[in-house]
Amino acid sequence: MERRDKAQENLSRLEEAAQQTADPKTMQQKAKRPEEKFRFSLRKKDVWWTVGLAAVALLLFGIQILISWRLDWLDAPLRLRVMNYVKGGLLIFIMLTIANVIEVFLIGRIPNRVSRFNLKRIFRLIVVVAIAFVTISVLFVNWYAAFVSLGLISLILGFALQMPISSFIAWIYILARAPYRVGDRIRIGDAHGDVIDVSYLDTTLWEFGGEYLWTDHPSGRIIKFPNSTVFDTPVFNYTWPLFPYVWNEIKFQLAYNSDLEFVAQTMKEVVEEHVGDIMSQKVKVYRHILSKTPVDELEVKEHPVVHFRVSENTWLEAIVRYLVPPKEAGRTKTRLITEMLARMNAEPDRVLFPKSNLR
């Protein structure tokens, strides 16, 4: 029972670490040292912005006091209008100052960078709405006329801006349901890439692969699509925080009279040396996640597995399956293939590869 509790505690630590980073080494370090806290760093730029906004607010407050003190400087109607504008500007800059303090000193202290990003977007939207409310209050003294005007404008824009409105609602859906987050590697429709921005209306991907590359290397291009795409297009997320791994395979063609036991052992040993420890830990997490769902627990091996099958061109195929971070799949496969070929070519009598003058 004590051993089971300890294993459960380790799995919980891995899950918590997975929420903070997708890098396997960093994840292991965080799981081993859960007491390590996020370090908040204050930038000079943030300080200067706060001081600047507060200074403008103080300036407007001084102007308000000055106008109230010297009533003879302006006519009554003009003085009333100017005071209204000054009060509105003062309130707006006070709100901006408070908002900047909250964003820097409260939201900026959240350890999870994705949560920080999303909360900043939501908070900035709230601030913009509040500023718009204050602006309307300053510009329109007659609230009834203002609401009627806004109602008519909203009705017209509602028909003209159906797609942007749908994309904005989709943005709320993306934040709430998280089909993908900033930093995730996804495929949606024909677009493949890493999510670098989720704005109010669209999502930006840093494309990988593409029409000019066959590997997972970034293509150098960005892809933008409206957020509303998530409502009618399946999203394939390769970097789900609790399980940011995918299974990958390496396949070799062999002659029937090859030493299959030696081939299988060699392929497993190479994969074990490179990804064995990480694979074992993550499969435990995978099983733990499955145990909380109605899905029957599948037979998932904690170590690399080699399968043999008959190829269509009369050769045998030796296939090794392993777990790998999706963003490292290409580099990992290259290292494994190089090492496997080196070891198997060192035993030409036991491993017979296809040979032809056409190859």
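Computed from a predicted model, the values in this text were never measured in an experiment. Each residue takes its place number in the sequence, starting with 1.
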How far apart are the closest heavy atoms of M95 and A130, and which atoms are they?
CE-CB, 3.1 Å
If you apply the rule side-chain contact (heavy atoms from CB on, under 4.5 Å), what do you find for L254 with W315, and how did you get there?
CA-CA 6 Å; L254 305 169; W315 295 94; 5.8 Å; no
With sequence neighbours left out, the residues meeting side-chain contact (heavy atoms from CB on, under 4.5 Å) with P226 are S167, S228, T229
A cation-pi test, strictly: NZ or CZ of R185 under 6.0 Å from the centre of the six-membered ring of Y238 and no more than 45 degrees from its axis. Yes or no?
no
In short, A318 meets F308 closest at the heavy-atom pair CB-CE2, 3.6 Å
Is any side-chain heavy atom of M344 closer than 4.5 Å to one of V263?
yes
Is the closest side-chain heavy-atom distance between T239 and R181 below 4.5 Å?
no
Would you check if L205 and V195 make a side-chain contact, meaning some heavy-atom pair closer than 4.5 Å?
yes
Determine, using the 4.5 Å side-chain heavy-atom cutoff (strictly less than), whether V305 and F262 are members of one ILVMFWY cluster.
no
Please name all residues satisfying side-chain hydrogen bond (donor to acceptor under 3.5 Å, both in side chains) with T97, sequence neighbours left out, ordered by chain then number.
none
So F105 and D46, side-chain contact (heavy atoms from CB on, under 4.5 Å) or not? Walk me through it.
CA-CA 10 Å; F105 293 96; D46 297 328; over 6 Å; no
In this structure, would V128 and V104 fall into the same cluster of hydrophobic residues linked by side-chain contacts under 4.5 Å?
no
Atom pair OG1 (T50) and CD1 (I98), whose distance is rounded to the nearest 0.5 Å
11.5 Å
Least distance between heavy atoms, V230 atom then A170 atom:
CG2-CB, 4.2 Å
side-chain contact (heavy atoms from CB on, under 4.5 Å) partners for E269, two or more places apart:
Q265, R343
With sequence neighbours left out, what residues match L316 under side-chain contact (heavy atoms from CB on, under 4.5 Å)?
Y256, L260, V310
Suppose we screen for side-chain hydrogen bond (donor to acceptor under 3.5 Å, both in side chains). Which residues come up paired with T233, at least two apart in sequence or across chains?
none
List for me each residue that meets side-chain hydrogen bond (donor to acceptor under 3.5 Å, both in side chains) alongside H307, sequence neighbours excluded, and say none if there are none.
R321
Spacing of D259 atom CG and D349 atom CG [to the nearest 0.5 Å]
10.5 Å
Side-chain touch R124/Y200, heavy atoms, less than 4.5 angstrom
yes
Do the side chains of M267 and W247 join up, straight or via other hydrophobic residues, at under 4.5 Å, putting them in one cluster?
yes
Which atom of V320 lies closest to which atom of P304, heavy atoms considered:
CG2-CB, 4.3 Å
Distance (rounded to the nearest 0.5 Å) between K120 NZ and I107 CD1
7.5 Å
Can you confirm whether K87 is buried at NZ, in the sense that more than 12 heavy atoms of other residues, nucleotides or ligands lie under 6.0 Å from that atom?
no
Is there a path of hydrophobic side-chain contacts, each under 4.5 Å between heavy atoms of I/L/V/M/F/W/Y residues, joining I319 to V270?
no
Is the closest side-chain heavy-atom distance between F168 and L201 below 4.5 Å?
yes
For A329, does its backbone N or O pair with a side-chain atom of T332 as donor and acceptor, under 3.5 Å?
no
Test item: N227 side-chain N/O and S199 main-chain N/O as donor-acceptor pair under 3.5 Å
yes
Point-to-point distance, once rounded to the nearest 0.5 Å, from OG1 of T204 to CD1 of I223:
10.0 Å
F353 versus Q253, closest heavy-atom pair with distance:
CD2-O, 3.6 Å
Pair Y322, H274 - check side-chain contact (heavy atoms from CB on, under 4.5 Å), show working.
CA-CA 10 Å; Y322 57 94; H274 288 269; over 6 Å; no
Is it the case that over 12 heavy atoms from other parts of the model lie below 6.0 angstrom from the CG atom of D190?
no
With K251, which residues qualify under side-chain hydrogen bond (donor to acceptor under 3.5 Å, both in side chains), at least two apart?
none
Going by the rule side-chain contact (heavy atoms from CB on, under 4.5 Å), which residues pair with T334 if we only count those two or more places apart in sequence or in a different chain?
T338
I need the I250 CD1 to K333 NZ distance, nearest 0.5 Å.
6.0 Å
Considering only Ile, Leu, Val, Met, Phe, Trp and Tyr, and joining two whenever side-chain heavy atoms are under 4.5 Å apart, list the other residues clustered with W48.
none
Enumerate donor-acceptor pairs with a distance under 3.5 Å from any side-chain N or O in residues 52-67 to protein atoms, sequence neighbours excluded.
none

The reported gap from CD in E347 to CG in L352 (rounded to nearest 0.5 angstrom) is 11.5 Å
Test item: E103 and V127 side chains (from C-beta on) under 4.5 Å apart, heavy atoms
no
Without placing hydrogens or testing angles, list every side-chain donor-acceptor pair under 3.5 Å for residues 171-180, not counting sequence neighbours.
residue, atom, partner, partner atom, Å
Y180, OH, T203, OG1, 2.8

Please lay out, stage by stage, how V275 and L323 fare under the test side-chain contact (heavy atoms from CB on, under 4.5 Å).
CA-CA 7 Å; V275 299; L323 208 59; over 6 Å; no
Contact between S219 and R221 at the side-chain level, heavy atoms closer than 4.5 Å - yes or no?
yes
Please give the remaining members of the hydrophobic cluster of I196, linking ILVMFWY side chains under 4.5 Å, ordered by chain and number.
W206, I222
